[in-house]
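Worksheet: one structure, shown below.
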Amino acid sequence: MGFGKGCHLHLIDGSAFIFRAYHALPPLTRKSDGVPIGAVSGFCNMLHRYVEGNTGPDAPTHVAVIFDKGSHTFRNDMYDLYKANREAMPEDLRPQIPLTRRATEAFNVACKELEGYEADDIIATLSCQARAAGGRVTIISSDKDLMQLVGDGVEMLDAMKNLRIDRDGVFEKFGVYPDRVVDVQALAGDSVDNVPGAPGIGIKTAALLINEYGDLETLLDRAEEVKQPKRRQTLVENRAQIELSKRLVQLDCETPLDFTLDDLEVKAPEAEVLLGFLAEMEFRTLSKRISDSLGVEAPEIPEAPATAPDLPDAPEAPAIDPEAYECVADMAALEVWIARIRERGYVAVDTETTGLNEMTADLVGISLACEAGQACYIPLAHRAGDGEGLFSDDALAAGQLPLNAVLDALKPVLEDDAVLKIGQNMKYDAKIFARYGVQVAPIDDTMLISYAQHAGEHGHGMDALAERYLSHTPIPIKSLLGSGKSMITFDKVKIADAVKYAAEDADITLRLWQVMKPQLHLRKVTTVYETLERPLVPVLARMEMAGIKVDRNTLSRMSNAFSQTMARLEAEIHELAGETFNVGSPKQLGEILFDKMSLPGGKRGKTGAYGTGADVLEDLATEHELPRRILDWRQVSKLKSTYTDALQEHINPETGRVHTSYSIAGANTGRLASTDPNLQNIPVRTEEGRRIREAFVADSGKVLLSLDYSQIELRILAHIAGIEALKEAFRDGQDIHAATASEMFNVPMAEMTPDVRRQAKAINFGVIYGISGFGLARNLRIPRAEAQGFIDRYFERFPGIREYMDDTVAFAKEHGFVQTLFGRRINTPEINAKGPHAGFARRAAINAPIQGTAADVIRRAMIRMDDAIAHLPARMLLQVHDELLFEVDQGAEDAVIKVAREVMEGAADPAVKLAVPLVVDAGKGANWAEAH
DNA sequence: CCTGTCACG
DNA sequence: GACGTACGTGACAGGG
């Protein structure tokens, strides 16, 4: 039947259905394999209830479920911040999206989407077409953005409240009829979609204005006539922004569709298809209900043995047996594995390579597992050997599939949204695959699953996890590669040995996932894992692969200069000491200073050696010339060995750039750690050290941007501990250390001296670290009693601090962990210990929520940043705890700063409403020294 | 492999 | 009552 007069079209907002289903249900997983399935279940129930209810005169003749597709739409081209403050889709929802499409098809309902358009636009276009053809339309959604479509036979239905919305319903909501809804929305804006609107004008005022002037254009043209000065001003000043807002909320009725209304005719579901799908999802109740109403036999859904139990007990799994693993050596066997994976919907993956550096290591083999005890290894690049340890340079060992053929076959699975790829430290494998043209997604990571639950309790490496959660000791890599000088690379391992080791890794990863993933929700860290851990993997992978350009000549010139300085200082030191010795040896130095020269203050540490740290030498510098020379020598030596020399070794010969690696699960507080090389401790505090940063340069035609949070930890402390005076100072944009000093010492801000401010600054930091009189005294080099006096006064003036400290420690003692504002859990197993450990654990517990919350904030910013700057010629290169470094095309600096700053300053929203503003400072330059 | 030292936030 | 203490990291050199 063609669509025309007398026809009734139902348009269902698919995304709304999915999100409602997702949030309405607990995180259910499919019994047989643990795949997340809650949203699909809810979706099917809602769809079923909808179909059942379609009887009588209002029943539709045509129906479609409309989905969003892709996160980038034409609205982002108009306004790059459109929907920028949206929370990222929960990672356990993502793999369910394709399943909801299949569910719709299983119900024999048309399922439509269009790349680059929102569902709302498709709904608008279809509504217009249906209206033009003389038919009726019901839009099943409660989204107010769709209300502009109501009227002339188009109505909305809020399925949840079973409430029909017609022209009068729209008037109730917006104070205007549907044809003026966009005008009101343009003025009022929308915080959910990040439509700016006119500041200070809400729906009420907007409707008032529109009704008075007729429409938005007239209002804006005659804005000068508006009586209220505030409103007049905001209308005049924000005209462009209001007009942009209107374009953003205006739905597109001309969406290019590749189907017609006739294609949407209502069809009865085919029992076999629908029940088959429900059986596959293991929805027993719904399957029974539907087969009853269709009058057919319900299919038997076998009660699968739970391999992914919801209980913390280890699953019944076969013993780990490396002899049982399969070596995949022909394409037919590979195809069998691919079919298995597709059937399962998930697979544990592990790569073997020639080294630990993902940027230079070559792929040697891939292992897979999708059921405990069943794993395979696909050798790809093992070298032919003579059996005596000699290897051919180019000949491959027999019995291996061609690498390209294997990657071509695996790529569709590894990139399939509906197949979850599980790994241990997936960032490593994802980067390796990326270098071979495969973008692995979506992923789960057992290392991060462990980290979210057990940070502070134990390590998260595979060996430690296997030991603890599977009571199994994996084959040590050393047994294959050896160690030290005679160590070999994995491509020289015999294939038979490699199969056992590599397949075991995949098997163990899969088993760990089965045991640990369901425990995330028991420890209430599912959201932490889904929003702060898992989505960070692709972000960091991209940053690491981008790397940063480092100028070798600059470094090498500095190295030479440092060599000369060191030689000169060394000669002076030997002269002053009266003998030659190894200046770099603290042991020899201690003996010279305290035994031979009998300088005061020699204290032996627990190993019996004298301490010669910078603080000790600093105190001695008044006594003798030698300690100052040593300090100078050490500074130069450090800069040379750790930076100007070592950094050159890290320049990748192919890219000319330095590629660090971030460990996500390294620091207990949620901070990242940078290794190989560590780019989070490049000197900045001294003038000489800062010059190292001149070697970190922008590529030609580009500029480096540095954006850093100002005082983020103190701001978070002010919020968490609820310190009114601090909060106020931050809200007023005051110099926080000066403000603290003023409050503590009763000095007016105008009369503040640098020294008083410096002391207040030390106390502020001390508080964050779990202050002690001793520590503060040492830091400020003042008597301990005086330091304690400062602390007492601080607590007196800011009483919330003491309360926060006591509450935090009490919480830790009771629960064994502390938490950040975003729910990150940092375990404190030592908190109830006796002895010297106790103090450390206490201070760490006080510091962790503050440092950890700051770490969460910047993680959130980084995760959102990729999308936010996707349309700008910019990429994120480095993170240094409170700083993000970007490389951007010349000319785009200001645009990127604007967007990136907005993302960073708003990173806590909407999950946490901070009582203090987050402020981001920005700089730019040809190198890192200039940008910072 | 451990310890001391020092670079960063 | 004494003891030892600022929080979180990683890299390098020396020395067993």
Side-chain angles (χ1 to χ4, degrees), chain A residues 455-456 483-484 581-590 603-618 630-631 633-647 649-650 660-663 666-686 688-690 692-693 708-714 717 762-780 784 787 791 818 826 834-852 854-855 858 878-883 932:
Chain A
S483 65
F581 68 102
N582 186 345
V583 184
S585 164
K587 183 169 173 283
Q588 293 179 32
L589 174 65
K603 269 211 297 263
R604 292 181 191 271
K606 44 181 172 272
T607 55
Y610 289 113
T612 65
D615 49 347
V616 177
L617 298 185
E618 202 67 52
I630 301 280
L631 285 167
W633 182 90
R634 279 191 183 164
Q635 192 196 9
V636 178
S637 161
K638 178 81 180 179
L639 293 177
K640 178 168 152 59
S641 67
T642 309
Y643 300 104
T644 57
D645 288 352
L647 224 35
E649 305 296 308
H650 283 283
T660 184
S661 178
Y662 289 100
S663 55
N668 290 334
T669 52
R671 273 199 180 177
L672 301 179
S674 159
T675 66
D676 308 302
N678 181 354
L679 295 186
Q680 290 180 322
N681 73 344
I682 303 302
V684 71
R685 291 175 187 170
T686 67
E688 277 185 305
R690 198 155 45 234
I692 308 266
R693 293 188 174 220
D708 68 295
Y709 284 108
S710 160
Q711 307 289 0
I712 186 166
E713 292 194 356
L714 268 180
L717 173 73
I763 301 169
N764 275 332
F765 278 106
V767 168
I768 292 173
Y769 297 149
I771 200 157
S772 76
F774 182 90
L776 183 64
R778 202 175 61 169
N779 192 281
L780 284 176
R784 200 172 148 175
I791 293 169
V818 292
I826 298 116
K834 296 273 169 272
H837 297 311
F840 282 111
R842 198 189 100 87
R843 290 190 298 273
I846 290 168
N847 174 258
I850 302 166
Q851 188 180 116
I858 198 165
L878 300 179
Q879 187 250 42
V880 193
H881 309 308
D882 64 359
E883 171 189 7
H932 189 81

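Sequence lines set the chain letters: A, B, ... in the order given, protein chains first and strands last, and positions in each chain run from 1.
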Nearest heavy-atom neighbours spanning A:Leu617 and A:Arg634: CD1-NH1, 3.6 Å
Pairwise P distance for C:dT5 and B:dT3, with rounding to whole Å: 15 Å
Sidechain-backbone polar pair: A:Gln588 side chain, A:Val583 backbone, donor-acceptor under 3.5 Å: no
Nearest-Å distance once atom P is located in both C:dA6 and B:dT5: 13 Å
Touch class at under 4.0 angstrom, heavy-atom based, for A:Gly613 against every strand present: sugar-phosphate
Distance, rounded to the nearest Å, where A:Gln851 contributes CD and C:dT9 contributes C1': 8 Å
Spacing of CZ belonging to A:Arg842 relative to CD1 belonging to A:Ile846, to within rounding of 0.5 Å: 4.0 Å
Nucleotide C:dC7, atom P - distance to CG of A:Leu714 in whole Å: 17 Å
Distance-minimising heavy-atom pair for A:His932 and A:Val684: CD2-CG2, 4.1 Å
Touch class at under 4.0 angstrom, heavy-atom based, for A:Gly689 against every strand present: nothing
Touch class at under 4.0 angstrom, heavy-atom based, for A:Ala614 against every strand present: sugar-phosphate
Sugar-phosphate, base or nothing in reach of A:Gln588, heavy atoms under 4.0 Å: sugar-phosphate
Within 6.0 angstrom of A:Glu688 CD, more than 12 heavy atoms from elsewhere: no
Of the listed nucleotides C:dG15, C:dC12, C:dA6, the one nearest the side chain of A:Ala762: C:dA6
Interatomic distance, A:Leu679 atom CG to A:Ser674 atom OG [nearest 0.5 angstrom]: 4.5 Å
Sugar-phosphate, base or nothing in reach of A:Arg634, heavy atoms under 4.0 Å: sugar-phosphate
hbond_proxy A:Arg842 side chain to C:dT5 base (donor-acceptor, 3.5 Å cutoff): no
Touch class at under 4.0 angstrom, heavy-atom based, for A:Ala646 against every strand present: sugar-phosphate
Per A:Asn582 side chain, nearest of listed nucleotides C:dC12, C:dA6, C:dG15: C:dG15
Straight-line distance of A:Glu883 CD to A:Ile712 CD1, nearest 0.5 Å: 13.0 Å
Span of DNA chain B, from the first to the last nucleotide whose atoms fall under 4.0 Å of chain A heavy atoms: B:dT3 to B:dG9
A:Gln711 and A:Asn764: CA distance, side-chain angles, deciding distance, side chain to side chain contact (heavy atoms under 4.5 Å, CB included) verdict: CA-CA 11 Å; A:Gln711 307 289 0; A:Asn764 275 332; over 6 Å; no
Length of the line joining A:Ile858:CD1 and C:dG8:C1', which is rounded to integer Å: 15 Å
Whole-Å distance separating the CZ atom of A:Arg778 from the P atom of C:dA6: 4 Å
Distance, rounded to the nearest Å, where A:Ile850 contributes CD1 and C:dG8 contributes C1': 12 Å
Partner nucleotide, any strand, of C:dA2 [Watson-Crick/G-U, under 3.5 Å]: none
Sugar-phosphate, base or nothing in reach of A:Ile768, heavy atoms under 4.0 Å: nothing
Sugar-phosphate only, base, or nothing, as touched by A:Asp882 at under 4.0 Å among non-hydrogen atoms: sugar-phosphate
Atom pair OG1 (A:Thr675) and CD (A:Gln680), whose distance is rounded to the nearest 0.5 Å: 9.5 Å
d(CG, A:Leu717; C1', C:dC7) in whole Å: 13 Å
Residue met sooner reading DNA chain C from 5', once A:Ser641 and A:Lys638 are mapped to nucleotides: A:Lys638
Side-chain N or O of A:Arg843 closer than 4.0 Å to phosphate OP1/OP2 of C:dC7: yes
Sugar-phosphate only, base, or nothing, as touched by A:Ile846 at under 4.0 Å among non-hydrogen atoms: nothing
Side chain of A:Ser585 - closest among C:dG14, C:dC7, C:dC12: C:dG14
Length of the CG-P vector between A:Asn764 and C:dC7, whole Å: 17 Å
Interatomic distance, A:Leu780 atom CG to A:Ile763 atom CD1 [nearest 0.5 angstrom]: 6.5 Å
Main-chain N/O of A:Trp633 paired with A:Ser637 side-chain donor or acceptor, under 3.5 Å: no
Sorted by number, the residues of residues 672-681 of chain A with heavy-atom contact under 4.0 Å to DNA chain B: A:Gln680, A:Asn681
Nucleotide nearest A:His881 when distance is taken to its side chain, options C:dT5, C:dG8, C:dA11: C:dG8
Sugar-phosphate only, base, or nothing, as touched by A:Phe765 at under 4.0 Å among non-hydrogen atoms: nothing
Touch class at under 4.0 angstrom, heavy-atom based, for A:Thr612 against every strand present: sugar-phosphate
Side-chain N,O (A:Asn847) to OP1/OP2 (C:dA6) below 4.0 Å: no
Sugar-phosphate, base or nothing in reach of A:Ser772, heavy atoms under 4.0 Å: base
Rounded distance in Å between the P positions of B:dG4 and C:dG4: 14 Å
Gap between atoms OH and P, on A:Tyr610 and C:dG15 respectively (whole Å): 16 Å
Minimum heavy-atom distance between A:Leu878 and A:Tyr662, given as atom pair plus value: CA-OH, 3.3 Å
Gap between atom CD1 of A:Ile768 and atom CG of A:Leu717 - 0.5 Å precision: 6.0 Å
Sugar-phosphate only, base, or nothing, as touched by A:Arg784 at under 4.0 Å among non-hydrogen atoms: base
Sugar-phosphate only, base, or nothing, as touched by A:Glu883 at under 4.0 Å among non-hydrogen atoms: nothing
Closest nucleotide among C:dT5, C:dG8, C:dG15 to the A:Phe840 side chain: C:dT5
